[in-house]
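Worksheet: one structure, shown below.
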Amino acid sequence: MKKIIVLTITAVILLLFISCDRINNPEYNVDKSSCNSCGSCLSICPRDAVDIGQDGKAIIDQTKCNQCGKCIAICPQQAIF
Amino acid sequence: MKRSFGILLIVVILITPVLALTNWSQLSLRYFSIISGDGIEIMTGASQDADKINTKGKLGTLYQHELTGKINNNLTFDISVDIFYSEKSHELRTSFLTNNLNLGLLYRGSKTNLILKFSNRNYDPNQTNYLNLPGLSNDTQQQSVFNTYMQFDHDFGKVDLDIYTNLRDLEYKYLVYEVDNIRDEEDDEFETYSASDYDLYSDLKLSMSIFENLKIFSRTQYKNDLNPTDLFDQINLGGGFQYHNTADLFSSLKSEVYYYYDFSKFRNNELDHNLSMKIRYTRRFLNGFNGFVSYINRSCYDTDTARIYRVSNMLRLHIMYSYFLTHQKNSSILLGVKYNAENEGTFGFLEQTQYLIKNIYSTAKVQYSPDNFTSYSIKLEFYLNPLQSIWIKDEYQDFFNLQRQNLLLVGSTVIF
């Protein structure tokens, strides 16, 4: 029963948010389950906005990022979203 | 015999960059590891996956060496060195050689975990571009980065506490154009200065179980720029719930809904209210199928226009079918799809591993990203025994509107 309630709430919320317009200046994040810690994003970032966390995965500092998208293009795992 | 073979492999790995590379091929050696009975593990190797975008005759690779050991039942240590090296004439790249050193101390108790870690990354000054970094007035060249991490979590019963801090120190050089007013203009020149830029990141999370599989949590993320100006400081405050149900050994469902308010000054109002939703379902079947599906949605609410906006969506699906399930002849087909239309990250792959004959396996793989590249690869691997193999791999990659390349890889995997 609990599983059904949680799934229903999640599905309704997802449907609500999928259909919205996209924001003009998005914020980029790293999907840690996809990141392979290669460091390519770190070496291409022109703003020193990417660093490696204690778990070895990339982290993006939103205060430094200017959404240039270079890390997205170079990521071999498509882990940045 | 095994030890000498391992030493030979180390030598070959270290000289890999020196090996002659043709205009169309690249050599790479993968990991091997040593696991001793007293809890010390050494892993070393090189991965060409670090830098897929290649140019003819140029090398890009990531060398990784790691040593982990056990001090007692609760305490372990971790030392690793990663050297990322690239000769690529990639105009956008800001650095071409980095050297990472990580030192970690991990305490794992029954209810308390503590990780202390120090990390140092050095850039080659001759191969690192000058950048215009936010908050710094001059063009700067990164010299090195020092990170000091602390992660602590404690289980109080129904309540869990997680604390994470990271003090980051960026050492950099910058140029200032010095005008010599006394003498003539020919004496005007750039002077180089060194400086440091500190950032402090912290994350505090308090979660409480309200049902068997359901937790609610509150979370605060704080970044202090440690500069006189607070323009680049950031505070996020929010909360949500996490659901994790592992019904049996064969299925697992995880979901998280997290709302946070961003108090940062640098950001537009449209990103003040943020909502992140994640769901992941993993399933194993007895007939050889297993896989997972996951979905992440991030949205925000703009108070000025009173509208909800999408930030991004990411849908992932992995299905694996294993057949010939005997230990020696295991074969499988793996299908993976990732949908991330907002960031041109849509991607799919199909991989088949097939037992052929007499300990020889083949792996064929197709990868397709409609916005980025297509890749085909085939690999032949011969197992000398279950712990040792040698392989050869050919991979063709086509980066749309950029280049095509064919990589020939030879490698060995040894565990002893």
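The chains referred to below are lettered A, B, ... by the order of the sequence lines, with proteins before strands, and numbering in each begins at 1.
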Quick one: side chain to side chain donor-acceptor pair (under 3.5 Å) partners of B:D139, sequence neighbours excluded? none

If you count heavy-atom pairs under 4.5 Å with chain A, which of B:E212, B:R307, B:R121 comes out on top? B:R121

Atom of A:Q54, atom of B:K117 and distance for their closest heavy-atom approach: O-NZ, 2.8 Å

Let's go through B:D233 and A:T63 carefully: what are the C-alpha distance in whole Å and the side-chain angles of both, what is the deciding distance for side chain to side chain contact (heavy atoms under 4.5 Å, CB included) to 0.1 Å, and is it a yes or a no? CA-CA 7 Å; B:D233 289 358; A:T63 65; over 6 Å; no

Report the distance from atom CG of A:D61 to atom CD of B:Q234, rounding to the nearest 0.5 Å. 7.0 Å

Main chain of A:D51, side chain of B:R168: is a donor-acceptor contact present, judged purely on distance under 3.5 Å? no

Does the ring of B:Y309 carry A:R22 above it, NZ/CZ under 6.0 angstrom from centre and within 45° of its axis? no

Non-hydrogen atoms of A:I23 and B:V311 that approach each other most closely: CG2-CA, 4.2 Å

Value rounded to 0.5 Å, distance of CG in B:L131 from CG in A:D48: 7.5 Å

Got a second to check how far A:S33's OG is from B:M314's CE, nearest 0.5 Å? 8.0 Å

Counting only N and O atoms by type, is there a donor-acceptor contact under 3.5 Å from the side chain of A:K64 to the main-chain atoms of B:P134? no

With only heavy atoms counted, which part of A:N29 is less than 4.5 Å from chain B, the side chain, the backbone, both or neither? both

Quick one: pull up OG in A:S34 and NZ in B:K338 and give me the separation to the nearest 0.5 Å. 3.0 Å

Flag the one option from B:N147, B:V145, B:N245 with the top tally of heavy-atom pairs under 4.5 Å to chain A. B:N147

Is the OH atom of B:Y339 crowded by more than 12 outside heavy atoms at less than 6.0 Å? no

Residue pair B:N340 / A:Q78, side-chain donor-acceptor N/O under 3.5 Å: no

Can you tell which part of B:Q151 gets under 4.5 Å to a heavy atom of chain A, answering side chain, backbone, both or neither? side chain

Answer with side chain, backbone, both or neither: which region of B:F232 has an atom nearer than 4.5 Å to a non-hydrogen atom of chain A? both

Would the number of heavy atoms belonging to other residues, nucleotides or ligands and lying under 6.0 Å from NZ of B:K254 be above 12? no

Enter the distance from B:Y149:OH to A:D55:CG here, rounded to the nearest 0.5 Å. 8.5 Å

Rounded to the nearest 0.5 angstrom, the CD1-CG distance for A:I52 and B:N166 is 11.5 Å

For B:D199, which atoms come within 4.5 Å of any heavy atom of chain A: side chain, backbone, both, or neither? side chain

Looking only at heavy atoms, which two atoms of B:S312 and A:F81 are closest? And how far apart? OG-CD1, 3.1 Å

